[in-house]
Amino acid sequence: MTQTLRTPPQTAAAHHRHPFTRDPARWEKQSTRALRTGHVRDSTCSAACQPVLVHERTAWGWLAWTVPADGTLPEVPHQIGVLTPSATCTQRLAPRWLTRRSAQHIALDTVAGSLRFSAVAVALITLIAGLFAMRHGVPIDVALPTMLLAPLLAEHLPGRLDARAAEHVRKVEGVNACRYLQRLATLHTSLVQAAAGSDRYELRRSAEVGHNLLWDAAGLLQTQDTRSASEGLITRERLMLQLADQIIERAAREDAAADADQTREPGRPLGPYPPGFRPMTPGPTPSTSPLKGTDLMTQPQPESSHAVAAPDVYLLFAHEPYYPGPGTQEINTTVVAADSLRHPQVRQPDGVRIHDLLIQGRHPGEIIPLATLTHELNGGADWPKVGDWEGATTDLVQLVHAGRCDALSLGLPDLARALLCTGPHGQVRAYDAAADDFVIYGSAERAVVLDEVGMFLTGVAAERPFWPGDSLLPSLGRRA
């Protein structure tokens with residue numbers, strides 16, 4: 001099977017997609033120091049092994065990144081800390097204190113535990129200073145308490161300060177929780193940058209509201225997992241998206257006004273493009289058939305800033321084969337209504353995000369294979385930014401088993417299933433024993449399979465519309 005063609009990646013790096021996206025040299029410096037001074041976590045480490053962390057401080061908190069042993073860039077932070085909104089000057093020191101370099105400890109062989117290296121150093125210094133002071137006439141009842149208290153303070157005071165600083169910060173750990181909060185942090189950073197250096201109240205207020213939403217989401221993720229807290233998380237993400245939309249639309253209007261001013265004022269530099277011109281990538285005309293699963297990334301978009309969401313879109317995905325009952329045909333592919341992704345028993349908020357991406361720019365009644373969505377997401381490289389598709393589809397299969405939504409269960413032949421598991425431009429090579437040669441099947445054969453599934457689905461849906469399930473979660477409202 002040939003590899004699926006990938007859409008070209010965006011030239012602008014997203015905030016916090018990788019460590020120090022605006023200053024890659026800083027990551028190289030920090031990771032090199034970590035490699036030199038600490039132990040890098042790899043496959044040989046146990047669960048108790050503490051990873052080396054590189055902290056990226058921000059205006060609202062920090063992101064702590066691990067240093068992979070293979071030298072690649074991490075994509076999901078190990079920990080995210082959010083500073084309380086409207087923090088005082090003293091409280092703003094909390095992230096800097098909590099993200100300081102880890103204290104070195106000296107293990108004790110005789111008793112369980114360890115001592116801080118700084119406490120041992122302070123003890124030696126105060127011992128020498130105390131003896132020197134007593135030789136020069138300082139009373140022993142003054143020198144001795146000082147010699148005892150100084151190392152105790154050096155050992156226990158940092159822990160007390162850690163606890164005090166942690167009262168003003170909410171820390172989140174875990175892959176799913178950090179991945180979700182990372183998306184919110186990306187949106188909030190765009191608000192902060194828009195408000196930086198601006199005297200407009202609405203921009204500064206948007207940044208303040210975004211910080212409050214980030215703080216609330218961190219609080220939910222501290223006490224609950226992403227699934228149990230999905231409704232609250234989706235509500236906050238929708239508000240954050242609306243704030244980001246307002247900033248983007250305002251920037252677009254200002255750019256348009258600036259371009260108009262450039263056309264009216266001769267002699268000003270016009271920049272790399274003429275006024276009013278924006279580079280666009282031409283795409284092929286979409287097929288007239290609503291069942292082709294066309295590529296959203298290449299088909300022409302409406303003139304509005306967001307693609308129109310189409311109703312009655314279906315998701316097709318392959319899964320591990322199973323048999324509904326004795327003597328029944330193998331089921332290896334399932335078609336469900338896109339709205340079933342918003343079911344509360346599907347992994348959330350991943351399912352809602354996949355749903356919003358799935359329905360954008362589609363035709364009513366269109367069947368979208370999961371492989372098409374993977375193709376649109378930079379060949380699958382951008383799936384982590386959207387959600388866990390494996391967990392979501394696994395939950396969908398369980399939902400179908402439990403009868404909590406309608407589905408079209410199919411037992412497709414190996415060739416047809418392989419074609420639907422490739423992207424719109426992928427190819428499948430099959431060996432023809434009679435001709436003793438390989439036959440290549442591509443997008444034309446894939447479209448035929450989708451048309452056959454579509455005709456069968458149309459007949460089923462004509463009798464009764466697909467039921468996506470009950471108590472569906474709200475949509476985020478736009479593609480992230």
Side-chain angles (χ1 to χ4, degrees), residues 10-22 56-65 75-77 79-86 95 170 172 175-198 200 202-221 226 229-254 305-307 348-357 360 377-378 382-388 473-480:
Q10 296 180 353
T11 56
H15 303 304
H16 309 316
R17 181 177 180 181
H18 295 294
F20 303 102
T21 50
R22 291 184 173 271
E56 179 182 358
R57 298 190 187 97
T58 65
W60 47 264
W62 74 81
L63 298 95
W65 304 87
E75 295 185 352
V76 180
Q79 180 191 88
I80 297 180
V82 182
L83 177 66
T84 179
S86 304
R170 288 177 177 174
V172 173
V175 176
N176 292 333
C178 285
R179 181 181 286 120
Y180 181 83
L181 206 60
Q182 182 184 15
R183 292 197 295 260
L184 285 188
T186 298
L187 295 171
H188 177 59
T189 299
S190 64
L191 299 177
V192 172
Q193 290 184 348
S198 175
R200 294 185 179 180
E202 59 270 21
L203 294 181
R204 290 186 282 107
R205 182 55 181 166
S206 296
E208 293 173 1
V209 173
H211 195 164
N212 279 276
L213 294 174
L214 201 63
W215 173 261
D216 292 342
L220 289 175
L221 292 171
T226 54
S230 59
E231 187 170 356
L233 293 175
I234 289 172
T235 300
R236 285 159 178 80
E237 186 172 4
R238 185 187 300 109
L239 293 174
M240 190 79 84
L241 287 168
Q242 291 174 355
L243 289 174
D245 276 344
Q246 293 173 3
I247 297 300
I248 293 172
E249 291 175 1
R250 178 180 294 275
R253 289 196 299 267
E254 291 177 352
S305 59
H306 304 300
Q348 300 296 350
D350 306 60
V352 172
R353 293 183 62 85
I354 297 172
H355 164 271
D356 287 6
L357 185 68
Q360 293 298 323
L377 291 172
N378 196 16
D382 292 338
W383 265 120
K385 297 190 299 184
V386 179
D388 182 3
L473 296 172
S475 171
L476 291 175
R478 79 168 181 89
R479 180 177 174 179

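Everything quoted here is computed from the prediction, not taken from an experiment.
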[Y] and [X], any side-chain heavy atoms less than 4.5 Å apart:
| X | Y | result |
| --- | --- | --- |
| Gln182 | Pro384 | no |
| Asn176 | Arg179 | yes |
| Leu187 | Leu213 | no |
| Leu239 | Val209 | no |
| Thr186 | Lys385 | no |
| Trp215 | Asn212 | no |

Look up atom CE in Met240 and atom OG in Ser190, then write down how far apart they are to the nearest 0.5 Å.
-> 8.5 Å
Which distance, rounded to the nearest 0.5 Å, do you find between the CG of Leu191 and the NE2 of His211?
-> 12.0 Å
Taking all heavy atoms of [X] and all of [Y], pick out the closest pair and write down the distance.
| X | Y | result |
| --- | --- | --- |
| Ile234 | Pro474 | CG2-O, 3.8 Å |
| Gln348 | Ser230 | CB-CB, 3.2 Å |
| Ile80 | Cys178 | CD1-O, 3.5 Å |
| Ala59 | Val192 | CB-CG1, 4.5 Å |
| Ser475 | Asp356 | OG-OD1, 2.6 Å |
| Ala217 | Leu181 | CB-CD1, 3.9 Å |

Counterpart residues, salt bridge (charged side-chain N to carboxylate O under 4.0 Å, His left out), relative to Arg205 (two or more places apart) |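 Here the qualifying residues are Glu208.
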List in chain and number order the residues that pass salt bridge (charged side-chain N to carboxylate O under 4.0 Å, His left out) with Asp388, two or more places apart in sequence or in another chain; answer none if no residue qualifies.
-> Arg347
Candidates Asp216, Leu233, Leu241, Leu214 - the one meeting side chain to side chain contact (heavy atoms under 4.5 Å, CB included) with Leu184 | Leu214
Checking the side chain of [X] only, and the main-chain atoms of [Y] only, is there a donor and an acceptor separated by less than 3.5 Å?
| X | Y | value |
| --- | --- | --- |
| Tyr180 | Leu221 | no |
| Arg170 | Thr84 | no |
| His355 | Leu476 | no |
| Glu56 | Leu63 | no |

Considering residues at least two apart in sequence or located in another chain, which fulfil the side-chain hydrogen bond (donor to acceptor under 3.5 Å, both in side chains) criterion with Trp62?
->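 Checked Trp62 against side-chain hydrogen bond (donor to acceptor under 3.5 Å, both in side chains); matches are Gln79.
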Any residue meeting side-chain hydrogen bond (donor to acceptor under 3.5 Å, both in side chains) with Asp382, in chain and number order, not counting sequence neighbours =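 Result, side-chain hydrogen bond (donor to acceptor under 3.5 Å, both in side chains) vs Asp382: Arg17.
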Derivation and outcome, side-chain contact (heavy atoms from CB on, under 4.5 Å), residues Trp383 and Asp350 | CA-CA 10 Å; Trp383 265 120; Asp350 306 60; over 6 Å; no
Could I get the full list of side-chain contact (heavy atoms from CB on, under 4.5 Å) partners for Thr189, not counting sequence neighbours?
-> His15, His16, Trp60, Gln193
Can you name the side-chain contact (heavy atoms from CB on, under 4.5 Å) partners of Ala194, sequence neighbours left out?
-> Ile247
Evaluate the criterion side-chain contact (heavy atoms from CB on, under 4.5 Å) for residue pair Leu243 and His188; output intermediate values, then yes/no.
-> CA-CA 9 Å; Leu243 289 174; His188 177 59; over 6 Å; no
